[in-house]
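Worksheet for the structure shown next.
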Amino acid sequence: MEGKLEDLAKEPAKAYNLLWIRPTFPIPSTQGSEQFCQLIPQKTIENMLSIAEQNSDADVRLWIDSRRMTNAQMKWLRSIAEGCPSHNMDLLDLRDIPKYQNNSFYNQSDDSLEWRLNKHSLIWRQVDAAKILVCLQGDYDQTFYSDMDITNLRVNSDEVQGRLSKYGVVLSGW
């Protein structure tokens, strides 16, 4: 009986997933030195850190595709996650998920010059499929995903927890 009471009193383990996938793979440097490029805009970084702070009891997981980044970019992203003031952000690699790593769909670059404007571009299909895949990773009682411009999702709010309790799922969007 005590084990059941402890389980009821325990907060559910929560994962809050974020995703950043570049459309193309980096071109290896011919001179041996890597050109650094901030690949995530500053406003988006601020949003990620705000999401982590507002959901401090959730594991905020920033998923990236390491094959699409240079070593310098990976180091830079790692420093963002490690420097998160709320200490609940981890940088995770989609390449560690066998269904991602071994699927030819994710091993294609989107070489379209209009990828940002074309919502049917390959990168957006890759991102949408990866959103589902990352939510299936880990042993969590509750799993959330949002784009990095959604900064008002508070997973412990009465609104979110009430809807989860009533319907078993929370969906929002257009």
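Worth knowing before you read on, the calculation uses all heavy atoms, side chains too, and leaves out hydrogens, waters and symmetry mates.
Shown here for Phe105 and Ala129, the closest heavy-atom pair between the two residues is CE2-CB, 4.1 Å. Residue Thr143 comes nearest to Cys135 through the heavy atom pair CG2-O, 3.4 Å, listed as atom of the first residue, atom of the second, then distance. Closest of all the heavy-atom pairs between Val60 and Asn55 is CG2-O, 4.5 Å. When all heavy atoms are compared, the tightest approach of Val170 to Val160 is CG2-O, 3.7 Å. The shortest non-hydrogen separation linking Tyr145 to Asn17 is CD1-O, 3.3 Å. Nearest heavy-atom pair across Ile150 and Tyr16 is O-OH, 3.7 Å.
Taking the side-chain hydrogen bond (donor to acceptor under 3.5 Å, both in side chains) definition, one finds that Asn102 meets it with nothing, sequence neighbours left out. Contacts of Arg95 classified as salt bridge (Lys or Arg N to Asp or Glu O under 4.0 Å), with partners at least two apart in sequence or in another chain: Asp65. Applying the side chain to side chain contact (heavy atoms under 4.5 Å, CB included) criterion to Asp110, with sequence neighbours excluded, gives Pro23, Ser112, Trp115, Ser121, Leu122, Ile123. Phe144 meets the ring-ring contact (aromatic ring centres under 6.0 Å, His included) test with no other residue; sequence neighbours excluded. In this view, Lys75 satisfies the salt bridge (Lys or Arg N to Asp or Glu O under 4.0 Å) rule with no residue, not counting sequence neighbours. Asp111 meets the side chain to side chain contact (heavy atoms under 4.5 Å, CB included) test with Thr24, Ser109; sequence neighbours excluded. Remark: Asp96 engages no residue in a side-chain hydrogen bond (donor to acceptor under 3.5 Å, both in side chains) (not counting sequence neighbours). In terms of the side-chain hydrogen bond (donor to acceptor under 3.5 Å, both in side chains) criterion, residue partners of Glu159 (sequence neighbours excluded) are, by chain and number, Arg163. Checked against side chain to side chain contact (heavy atoms under 4.5 Å, CB included), Ala81 has the following partners two or more places apart in sequence or in another chain: Met89, Leu91. For Tyr106, the ring-ring contact (aromatic ring centres under 6.0 Å, His included) partners two or more places apart in sequence, or in a different chain, are Tyr100. Residues passing the side-chain hydrogen bond (donor to acceptor under 3.5 Å, both in side chains) test with Gln161 are Gln142, sequence neighbours excluded.
A side-chain donor from one of Arg22 and Gln73 sits under 3.5 Å from a side-chain acceptor of the other.
Ion pairing between Arg67 and Asp93 fails under the 4.0 Å rule for side-chain N and carboxylate O. Using a 4.0 Å cut-off between charged side-chain N and carboxylate O, Arg125 and Asp128 make no salt bridge.
At least one side-chain heavy atom of Leu94 sits under 4.5 Å from a side-chain heavy atom of Val134. Proximity of Ile97 to Leu92: side-chain heavy atoms (C-beta onward) are nowhere separated by under 4.5 Å. A 4.5 Å side-chain heavy-atom check between Trp63 and Leu133 finds every atom pair outside the cut-off. At least one side-chain heavy atom of Ser66 sits under 4.5 Å from a side-chain heavy atom of Met74.
Distance check, rounded to the nearest 0.5 Å: OG of Ser157 to CG of Leu164 gives 9.0 Å. Here Glu82 contributes atom CD and Asp90 contributes atom CG; the two are 9.5 Å apart, rounded to the nearest 0.5 Å. In this structure, the separation between CG on Leu49 and CE on Met148 is 11.0 Å, given to the nearest 0.5 Å.
Here Ile132 is tied into one hydrophobic group with Leu136, each link being a pair of ILVMFWY side chains closer than 4.5 Å.
In this structure a side-chain-to-backbone donor-acceptor pair under 3.5 Å is missing from Glu53 to Pro85. For Asp141 (side chain) and Ala13 (main-chain N/O), a donor-acceptor pair under 3.5 Å exists by modelled atom type. A distance-only check finds a donor-acceptor pair linking the side chain of Asn88 to the backbone of Ala52 [under 3.5 Å].
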Under the side-chain contact (heavy atoms from CB on, under 4.5 Å) criterion, do Ile40 and Leu77 qualify, and how do the steps go? CA-CA 9 Å; Ile40 299 178; Leu77 276 174; 3.4 Å; yes
Chi angles and distances behind the salt bridge (Lys or Arg N to Asp or Glu O under 4.0 Å) call for Lys43, Asp149: CA-CA 9 Å; Lys43 177 65 177 157; Asp149 59 345; over 6 Å; no
Give the intermediate values and the outcome of side-chain contact (heavy atoms from CB on, under 4.5 Å) for residues Ile64 and Met69. CA-CA 9 Å; Ile64 52 87; Met69 295 182 200; 3.4 Å; yes
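If you chain together hydrophobic residues whose side chains sit under 4.5 Å apart, Trp76 and Met48 fall into the same group. Residue Ile80 is grouped with residue Ile51 when hydrophobic side chains (ILVMFWY) are merged at heavy-atom distances under 4.5 angstrom, including chains of intermediate members.
For CD of Gln137, the number of neighbouring non-hydrogen atoms (other residues, nucleotides, ligands) closer than 6.0 Å is greater than 12.
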